[in-house]
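Residue numbers begin at 1 in each chain, while the letters A, B, ... track the order of the sequences.
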2 protein chains.
Amino acid sequence: MSGERELTAKGLATRERIVEYAAAVTRERGAANTRMECVRVAANVSNSQLFHYFPQGKAEMMIAVARYESRTILADQDARLRTTRTWRAWDEWAEALLGHYDENGSRCGLAALLGQLDQDAPEIREVLAGLLESWEQAIAAGIRSMQSARKISPDLDADTTAGTIVTGILGGIVQMTVTGSTNRLRATVRASIATLKAARQ
Amino acid sequence: MSGERELTAKGLATRERIVEYAAAVTRERGAANTRMECVRVAANVSNSQLFHYFPQGKAEMMIAVARYESRTILADQDARLRTTRTWRAWDEWAEALLGHYDENGSRCGLAALLGQLDQDAPEIREVLAGLLESWEQAIAAGIRSMQSARKISPDLDADTTAGTIVTGILGGIVQMTVTGSTNRLRATVRASIATLKAARQ
DNA sequence: GAAATTCTGGCCTGTCAAGTCCAGAATCTG
DNA sequence: CAGATTCTGGACTTGACAGGCCAGAATTTC
């Protein structure tokens, strides 16, 4: 047993499985209301295992959950946005985003974590800040693709616009968790695309 | 002692004072991390008083806090927006909003409550939904004032636009709590005003 | 001045959940 | 097979915090 962690492939797999179930519970109940006991039952592991893989306890686990959600969202968005060269692709991006929430009914891994920022967990804040940053970059890359394809004017500031779009999505998600309706998210995402189209070339 | 509550003027004043301090503590530490003990000390009352005025305990108190914050925000926004007839007034509105957060450094009563939605408190959700609704209406009223003054085209849908503006503000506030910076809020509020100006008449 | 209320302040209980500990079983790896 | 790890499961400790209880003091109100 060295100072650092050495996990076998099996160990890593188990740890990852725990994180996935923990993320699911967190999405369902919010980070604050996520009980280690619930995760234990959901992941079907023993208590010892939980604390074996997360010696720092719940705090460490929630950071892992934040990283997991972050990775998941970014992988999806990156794939959809990096080489977006048609208006149709943007419409599909928007509908995919909205469709996700229409299906999952305001369960949102991002929103579930946002509620937990008050705690003593600056690391979660950092992870989420990184997620927002990368998300902006993915959208900015999509905008630049459109500019390369001469469909959006090069005068449009891709970074600023991308930032505003992410802010709008975030606000829409929050409104969804408050009101239970995706109306505002829908309106905002469509307004974002309208803004892009207003800069048509 | 009748079935319903009968509070003297003094009693009401004390209750209100408790709510104000509770709101301050909540802003500082977030709803989840707000301890009755902290409120007790801050408001300088005894434990019995706390539970005398809030027989349902913390849950009831947080609802009162939500109503208080809601009232405070709306009173301010209503005053600024209901009869906004000049572009300058909009700029002042925006700067007041941004200035507030630059001063208070990401302390936000609204954000502090948003984090607490996971809990078993549907009433807080309702209060916040009402706040957002009224806020939208205040902004829509401001837009209509501009339309009456023939400064914004009557073709602009005041309600939809107001909804998008509130969504953007909300997203900016959330990003502020995550990143600690008001940059995105600033960009979004300015983009909102730019959208209005784009519908100049 | 009597009745009700407002208020103090401490003490006590209950609950919930995080995290520890341990003895032993199963599994993997060289 | 030997030695490490993975894993079970339960019992246990600890701490935080909500909330109740009570005896009595101050204040208000009629």
Side-chain angles (χ1 to χ4, degrees), chain A residues 1-22 25-26 28-65 115-116 118-121 123-124, chain B residues 1-22 25-26 28-65 115-116 118-121 123-124:
Chain A
M1 195 183 320
S2 75
E4 286 307 307
R5 204 76 70 65
E6 338 169 332
L7 291 180
T8 334
K10 187 181 180 186
L12 278 173
T14 302
R15 195 189 132 110
E16 189 61 14
R17 186 161 52 91
I18 292 173
V19 171
E20 281 167 29
Y21 280 101
V25 174
T26 302
E28 205 63 32
R29 323 190 15 159
N33 288 348
T34 294
R35 311 279 162 245
M36 295 301 267
E37 172 69 11
C38 291
V39 176
R40 198 185 67 69
V41 171
N44 196 34
V45 293
S46 70
N47 207 26
S48 321
Q49 283 305 91
L50 225 48
F51 288 91
H52 172 70
Y53 288 113
F54 302 97
Q56 308 300 319
K58 187 179 173 181
E60 188 180 2
M61 201 180 72
M62 293 313 298
I63 293 168
V65 167
Q116 220 36 26
D118 3 275
Q119 276 201 349
D120 38 12
E123 283 185 78
I124 292 190
Chain B
M1 191 184 322
S2 73
E4 285 308 307
R5 203 78 67 68
E6 335 170 337
L7 291 180
T8 332
K10 186 181 183 189
L12 279 172
T14 303
R15 195 189 130 108
E16 189 60 14
R17 186 162 51 91
I18 293 172
V19 171
E20 281 166 30
Y21 281 100
V25 173
T26 302
E28 205 63 31
R29 324 188 13 157
N33 289 349
T34 293
R35 311 277 161 246
M36 295 302 268
E37 171 71 12
C38 291
V39 176
R40 199 184 68 68
V41 171
N44 196 34
V45 292
S46 68
N47 207 28
S48 321
Q49 284 305 90
L50 225 49
F51 287 91
H52 173 70
Y53 289 113
F54 302 96
Q56 306 302 319
K58 187 179 172 182
E60 188 180 1
M61 201 181 74
M62 293 313 298
I63 292 167
V65 168
Q116 219 37 21
D118 5 274
Q119 276 201 349
D120 38 14
E123 282 185 79
I124 292 188

How close or far is atom [atom2] of [N] from atom [atom1] of [X], stated in whole angstroms?
X: A:Glu37; N: C:dG19; atom1: CD; atom2: C1'; result: 13 Å
X: A:Gln49; N: C:dT20; atom1: CD; atom2: P; result: 15 Å
X: A:Arg15; N: D:dT5; atom1: CZ; atom2: P; result: 17 Å
X: B:His52; N: C:dC7; atom1: NE2; atom2: C1'; result: 9 Å
X: B:Phe54; N: D:dC17; atom1: CZ; atom2: P; result: 20 Å
X: B:Arg40; N: C:dC11; atom1: CZ; atom2: P; result: 13 Å
X: A:Asn33; N: C:dC16; atom1: CG; atom2: P; result: 14 Å
X: B:Leu50; N: C:dG9; atom1: CG; atom2: P; result: 14 Å

Using atom types as modelled and distance alone, determine if a side-chain donor or acceptor of B:Arg40 lies under 3.5 Å from a backbone N or O of B:Ser46. no
Comparing nearest nucleotides in DNA chain C, the 5'-proximal residue of the pair B:Asn47, B:Arg17 is B:Arg17
Test applied, side-chain contact (heavy atoms from CB on, under 4.5 Å); reference residue, A:Val25; option that passes from A:Asn33, A:Thr34, A:Val41: A:Thr34
Considering all heavy atoms, the nearest A:Tyr53-A:Arg15 contact: O-NH1, 3.1 Å
Comparing nearest nucleotides in DNA chain D, the 5'-proximal residue of the pair B:Ser48, B:Ala59 is B:Ala59
Please figure out whether B:Thr34 or B:Lys10 has its closest DNA chain D nucleotide nearer the 5' end. B:Thr34
State, with a plain yes or no, whether a side-chain heavy atom of B:Ile18 is found less than 4.5 Å away from one of B:Phe54. yes
Contact check, side chains of B:Lys58 and B:Arg35, non-hydrogen atoms, under 4.5 Å: yes
Quick note, A:Val45 side chain, CB onward, closest among C:dG19, D:dC7, D:dT8 is D:dT8
Please determine, for the side chain of B:Ser46, which listed nucleotide (D:dG9, D:dA18, C:dG9) has the closest atom? C:dG9
OP1 or OP2 of D:dC7 versus the side-chain N and O atoms of A:Thr14: is any pair under 4.0 Å? yes
